[in-house]
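These notes concern the structure reproduced below.
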2 protein chains.
Amino acid sequence: MQPHKRVIDAGIGGHDGTETMVKRTSFEGDACPIARSLEAIGDWWSLLIIREALFGLRRFGEFQSKLGMAKNILAVRLRALVDHGILATAPASDGSAYSEYVLTPKGRGAFPILVALRQWSEEFDDHPEEIATILVDRAKGRPVKKLEMRAEDGRLLTPADTMLKPRPAPRRRSD
Amino acid sequence: MQPHKRVIDAGIGGHDGTETMVKRTSFEGDACPIARSLEAIGDWWSLLIIREALFGLRRFGEFQSKLGMAKNILAVRLRALVDHGILATAPASDGSAYSEYVLTPKGRGAFPILVALRQWSEEFDDHPEEIATILVDRAKGRPVKKLEMRAEDGRLLTPADTMLKPRPAPRRRSD
DNA sequence: GCAACGTAGTTTCATTATGCAACCATTGGA
DNA sequence: TCCAATGGTTGCATAATGAAACTACGTTGC
C-alpha cells in the first residue's frame, strides 16, 4: 500500500550519495490497481487528452488548440501516454508525412473512467448549470444511464456490498 | 472547452501590473464535466484519500500512515476535499476531542470512479500479477461485474454509440 | 529550386506544487 | 504535573508546470 519513491540519483560523479534527491511520489509498482491507474493517467491533462482522442482528435496541433495547453507539456504527456501504451503514433492518415496519435485498445478502455467522472460531476457538482453538454445515446438522443455496479449474477451492489479480497495466486500448469 | 487560468496577482503594491503571474491551469468554471471533476479530485492523492475513506479511515493519522504521504500535503488535500464538499469534519466519534474526516454523499458518489480506475488496471495493466487485490461481491465472494454503459432502455452502448449534446436550457417557471 | 509558411516539437526561464524534516499546539494518560 | 501521541504548520530543497522564444522539418507557391 505504501507508495514508494522515485529516486532520481543519476550517479554521475563519485560523490558519497548522502544527497537523497527523493521527490515526487510514484505509484509505479504499487499493489493497488487504483494507484496504478493514477500512475498512468492521474494527472491534470492525460484524461482530457484521452477524452479528445475518443472524439477523434489525432494531431498534435489539434490537441494543443482544443485543450489550450502549453506545447511542451503536451509533448511530455503524449510521450508518456505512448510509453504507457494508451496512445500509439501512426505514420500518417491524410497522406501527409506527419504522424498522428491514435488510441490503443487500452486507451479506448478508459472510456468508463471518463463516463464515471462525467456522471459524478452531473450528479454532485455545485453549479450543474455551468455544464455545457450531456452524454446521450446516439440512437435515441436520450441521456446514458448511470453506471451501476453489479454482481456476476446481476444484483445491484452498493459500496457496502463489496469487499477486497487478496488476488488468488496465479494458476500454474501441472501443479 | 478552453480551460482558463488562475491569476494569483495579489495586488499588494502599486506596481503597474505588467507582470502576468499566470500559473497552474485551473478547470474551475470549465464547461466540461470531466474537467470539473478533475478540478476537484484530479490530483495524485485525492482519489486515494477517498478510497481509504470508503474503507473506513477517518483520522488524520490513519490517512497519513496508510498512504505514507507527507503531512503538509495531506493537510492541504483534506482541506480542499472539505472545501469541495467531498469530506466533512465530524466533531468526534470515539469520545475523544479530536475531529474526523468523513465522506459526504458526494464523496461516496465517487465510488464508481474508483471502480472504473480499478477495472481499467485489472484489464489493461502490463503487470497484472502485481495487483494485490480484487473487488468482490461480499455475498458471493465473486468478482464484481465490469461496469457497462447502457441506454435508458437497457441497450449496451459502446463509445461510438454515444454522442454529446448541448445541455438543454434550464426550465424556468411560467415562461 | 527556393522562399514563405505551417506543423511539431525543444529550450529557457519563471513560478507553483510537492516532499521531507523540524517545529509547535492540544489532547490524553499516568 | 509531566510526558507522549495527535494533528497539524513552517522552512527549505527539488520537481513539475506554463508562457514564450526558438528550432527543425514538411508543404506550398512561384
Side-chain angles (χ1 to χ4, degrees), chain A residues 2-10 18-28 38-39 41-46 48-49 57-82 87 89-102, chain B residues 2-10 18-28 38-39 42-46 48-49 57-82 87 89-101:
Chain A
Q2 300 292 43
H4 67 132
K5 309 301 175 179
R6 184 190 292 155
V7 179
I8 318 275
D9 190 333
T18 42
E19 327 148 57
T20 43
M21 295 243 245
V22 184
K23 290 295 140 170
R24 190 68 158 99
T25 302
S26 163
F27 303 123
E28 191 187 338
L38 293 176
E39 171 72 19
I41 54 174
D43 68 271
W44 286 81
W45 290 112
S46 295
L48 295 178
I49 292 170
L57 297 204
R58 295 162 157 258
R59 299 284 286 261
F60 185 95
E62 288 179 322
F63 290 110
Q64 203 265 319
S65 62
K66 194 80 195 299
L67 291 170
M69 65 190 293
K71 305 202 306 175
N72 51 348
I73 305 300
L74 177 58
V76 169
R77 286 285 165 270
L78 288 174
R79 228 190 326 270
L81 290 170
V82 169
L87 292 176
T89 52
S93 156
D94 65 336
S96 78
Y98 294 111
S99 71
E100 297 182 336
Y101 298 91
V102 295
Chain B
Q2 302 290 43
H4 66 134
K5 309 300 175 180
R6 185 190 292 158
V7 179
I8 320 275
D9 190 333
T18 41
E19 327 146 56
T20 42
M21 296 242 244
V22 183
K23 291 292 140 171
R24 190 67 159 98
T25 302
S26 162
F27 302 123
E28 191 188 338
L38 293 174
E39 172 72 19
D43 68 272
W44 286 83
W45 290 112
S46 294
L48 296 178
I49 292 170
L57 298 203
R58 294 162 158 258
R59 298 284 285 259
F60 186 95
E62 289 178 322
F63 290 110
Q64 203 265 319
S65 61
K66 195 79 194 296
L67 291 169
M69 66 190 292
K71 303 202 303 177
N72 52 346
I73 305 300
L74 176 58
V76 170
R77 287 285 166 271
L78 288 173
R79 228 189 327 268
L81 290 169
V82 169
L87 292 176
T89 51
S93 157
D94 64 336
S96 77
Y98 293 112
S99 71
E100 297 182 336
Y101 298 92

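Sequence lines set the chain letters: A, B, ... in the order given, protein chains first and strands last, and positions in each chain run from 1. Only heavy atoms go into these numbers, but all of them, side chains included; no hydrogens, no water, no symmetry mates.
- Distance A:D43 CG to C:dT18 C1': 15 Å, rounded to the nearest Å.
- Shown here for B:D43 and B:R77, the closest heavy-atom pair between the two residues is OD2-NE, 2.7 Å.
- Here the CD-CG distance, from B:Q64 to B:N72, works out to 9.5 Å after rounding to the nearest 0.5 Å.
- Side chains of A:L78 and A:T89 form no contact here, defined as non-hydrogen atoms less than 4.5 Å apart.
- In this structure, A:S99 and A:N72 both approach DNA chain C, and ranking their closest nucleotides by distance from the 5' end singles out A:S99.
- Contact annotation: A:R79 reaches the phosphate of C:dT10 (side-chain N/O to OP1 or OP2, under 4.0 Å).
- Here C:dT11 presents its C1' atom at 13 Å from CD1 of A:I73, a figure rounded to the nearest Å.
- For the side chain to side chain donor-acceptor pair (under 3.5 Å) test, residues two or more places apart in sequence or in another chain that qualify with A:S96 are A:D94.
- Residue contacts shown for A:F63 are absent, as no nucleic acid heavy atom lies under 4.0 Å away.
- A residue-by-residue look at A:K71 and B:L78 shows that B:L78 has its nearest nucleotide of DNA chain D further toward the 5' end.
- Contact annotation: A:Y101 side-chain N/O to C:dG9 OP1/OP2 distance is under 4.0 Å.
- Regarding contacts with the backbone of D:dG7, a side-chain N or O of B:R59 is found under 4.0 angstrom from either OP1 or OP2.
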Could you list all N or O pairs between the protein and nucleotides 25-30 of chain C that sit under 3.5 Å apart?
residue	atom	partner	partner atom	Å
C:dG28	OP1	B:A97	N	2.3

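- Atom CG of A:L67 is separated from atom P of C:dA8 by 14 Å (rounded to the nearest Å).
- For A:F60 and C:dA8, the CZ to C1' distance is 6 Å, given to the nearest whole Å.
- Side-chain contact between B:K71 and B:F60 is present, with at least one heavy-atom pair separated by less than 4.5 Å.
- The CG-P distance, from B:L57 to D:dG7, rounds to 12 Å in whole Å.
- Listed by chain and number, the residues in a side chain to side chain donor-acceptor pair (under 3.5 Å) with A:R58 are A:E100 (sequence neighbours excluded).
- Between B:W45 and C:dG19 there is a side-chain N or O to OP1 or OP2 distance below 4.0 Å.
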